[in-house]
Amino acid sequence: MRSDVYIKDVLARCEALKRAGMWLPEPAIRPRAWIENFDEADRLLAAQLLERFVFYNQQLTDALLTTSFYGIADGLKKGPTAPSRDQLLQALPEAIFTPVSGEKPNPTDSGYFLCRRSRQVLGIPEAKVVNNTTALEAAKNGKSIIFIDDFIGSGDQFLSTWRDPSSGNSFESIQKANGFNAIYVSLVGTDSGIDTIGEKAPSVAVCVAHKIDERGTFWGLESKNPALYQNLNSLLIKYSAKLRPHEPYMNKGDYLIYGYKRRGLFFSFEHSVPDATLPIFWCRGIDNWEPLIERK
């Protein structure tokens, strides 16, 4: 297929997703403006990146949340020393829900948004959805705690919440003392991030609706299509020079090329774009650079 025909076909598919309500309309997602960021000779490769981009609208996000939550009862192993299915089911009626908030808690964090959606979508009573400080007190009293978030990338954000001693205790230290049940409900997770939590917090039951292994990342192209991988890698390196992130930590190493912790992901939720997704999709830039979708 000629490159111009291929590019038009990819853009037409993007427009079809918008008409079907699967993608947000302009200016939230702007594929044509994004393609025009690239030199004409690079637009074929840009289109090959674009067709790999996955967008979870609110309806799909709610479906992932429901699937992940009810996965608590599916009987599959949730962690190296996580509670059994029967223990988890017995814990649910009195469980307390709290967001994963990371090192610097912010009301705009995805965990807070997902906690609100849990009330609306899962029918969780408002009194059971609390901040981390209140959840710590509940954990001291032996209540089961369900941590809510949208994405497990490196596992760092959950482990930061799990180990945070700023209130005098951490969830980790309290669990060592009384063994309360800890459940982590997330919509999507990388296998490496889930494995990290399993290694460093083995008693936590991790429940995700969709697990991403290397095949679902940029790195998966290396073995599947080496030539395309090399060409796309050159494209990412070339255009990373135009990107200007708001987040200072994204200027570390080659994060601007491959995303946070080099995860090389291709997806976004309607409510937020993970920093582990390739920045070429979401980052602002110079020379009138137009993101495909802006990170909120």
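Here the structure is a predicted model, which means the values were calculated and not measured.
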Handout entry: Phe38 ring center near Tyr239 ring center (under 6.0 Å)
Key = yes
Problem - Between Trp23 and Tyr56, ring centroids under 6.0 Å - result: no
Heavy-atom pair with the smallest gap, counting every atom of [X] and [Y]:
X      : Y      : result
Pro291 : Trp282 : CB-O, 3.7 Å
Ile35  : Ala47  : CD1-N, 3.8 Å
Asn181 : Pro83  : OD1-CG, 3.2 Å
Gly142 : Asn178 : N-ND2, 3.8 Å
Leu256 : Cys283 : CD2-SG, 4.2 Å
Ile183 : Cys207 : CG2-SG, 4.1 Å

Practice task
Please step through ring pair (Phe, Tyr, Trp, His ring centres under 6.0 Å) for the pair Phe281 and Phe53, ending with a clear verdict.
Solution key: CA-CA 9 Å; Phe281 288 128; Phe53 181 75; 5.0 Å; yes
Does [Y] offer a backbone N or O that forms a donor-acceptor pair with the side chain of [X] under 3.5 Å?
X      : Y      : result
Thr217 : Asp213 : no
Arg215 : Gly220 : no
Asn132 : Pro99  : yes
Ser118 : Leu114 : yes
Asp74  : Leu76  : yes

Is it the case that atom [atom1] in [X] sees more than 12 heavy atoms from other parts of the structure closer than 6.0 Å?
X      : atom1 : value
Asn288 : CG    : no
Glu40  : CD    : no
Glu51  : CD    : yes

Exercise for the section: Please answer: with hydrophobic residues joined when any side-chain heavy atoms are less than 4.5 Å apart, are Leu243 and Tyr249 in the same cluster? Expected result: yes
Side-chain donor-acceptor pair present, [X], [Y], cut-off under 3.5 Å:
X      : Y      : answer
Asp164 : Ser170 : no
Ser203 : Thr81  : no
Asp156 : Tyr260 : yes
Thr134 : Asn131 : yes
Asp86  : Gln90  : no
Gln87  : Ser84  : yes
Ser186 : Asp149 : no

Exercise for the section: Please step through side-chain contact (heavy atoms from CB on, under 4.5 Å) for the pair Phe267 and Ile212, ending with a clear verdict. Expected result: CA-CA 11 Å; Phe267 78 94; Ile212 300 174; 3.7 Å; yes
Side-chain contact, heavy-atom cut-off 4.5 Å: [X] with [Y]?
X      : Y      : value
Asn233 : Glu222 : no
Ser272 : Asp150 : yes
Arg43  : Ser3   : no
Ile124 : Val129 : yes
Arg52  : Phe218 : no
Ile29  : Leu17  : no
Trp289 : Trp34  : yes
Ile280 : Asn37  : no

Exercise for the section: Fit a plane to each ring of His271 and Phe269, take the angle between them on a 0 to 90° scale, and name the class: parallel (under 30°), tilted (30 to 60°) or perpendicular (over 60°). Expected result: parallel
Fill in the blank from the handout: For Glu137, the side chain to side chain donor-acceptor pair (under 3.5 Å) test, sequence neighbours excluded, returns Lys140
Handout entry: Spatial distance of atom OG1 (Thr66) from atom OH (Tyr70) [nearest 0.5 Å]
Key = 7.0 Å
Practice task
Start with the C-alpha gap between Phe147 and Phe97, add the side-chain angles, then the distance that decides, and say whether ring pair (Phe, Tyr, Trp, His ring centres under 6.0 Å) holds.
Solution key: CA-CA 6 Å; Phe147 299 88; Phe97 293 72; over 10 Å; no
Exercise for the section: Take Thr190 and Leu265 through the side-chain contact (heavy atoms from CB on, under 4.5 Å) test and state the conclusion after the steps. Expected result: CA-CA 9 Å; Thr190 65; Leu265 302 179; 4.2 Å; yes
Should the pair [X]-[Y] be classified as a salt bridge under the 4.0 Å nitrogen-to-oxygen rule?
X      : Y      : value
Asp275 : Arg263 : no
Lys18  : Glu26  : yes
Glu294 : Arg30  : yes

Practice task
Could you go through the side-chain contact (heavy atoms from CB on, under 4.5 Å) check for Lys238 and Asp42 one step at a time?
Solution key: CA-CA 10 Å; Lys238 175 180 178 179; Asp42 293 329; 2.7 Å; yes
Exercise for the section: Could you walk me through whether Gln58 and Glu270 pass side-chain contact (heavy atoms from CB on, under 4.5 Å), step by step? Expected result: CA-CA 6 Å; Gln58 193 57 63; Glu270 181 171 335; 3.5 Å; yes
Exercise for the section: Identify which one of Phe151, Phe69, Phe158 satisfies the ring pair (Phe, Tyr, Trp, His ring centres under 6.0 Å) criterion when paired with Tyr184. Expected result: Phe158
Exercise for the section: In sequence, state the C-alpha distance, the side-chain angles, and the governing distance for Lys8 and Asp4, and then conclude on salt bridge (charged side-chain N to carboxylate O under 4.0 Å, His left out). Expected result: CA-CA 6 Å; Lys8 287 180 181 179; Asp4 59 333; 5.2 Å; no
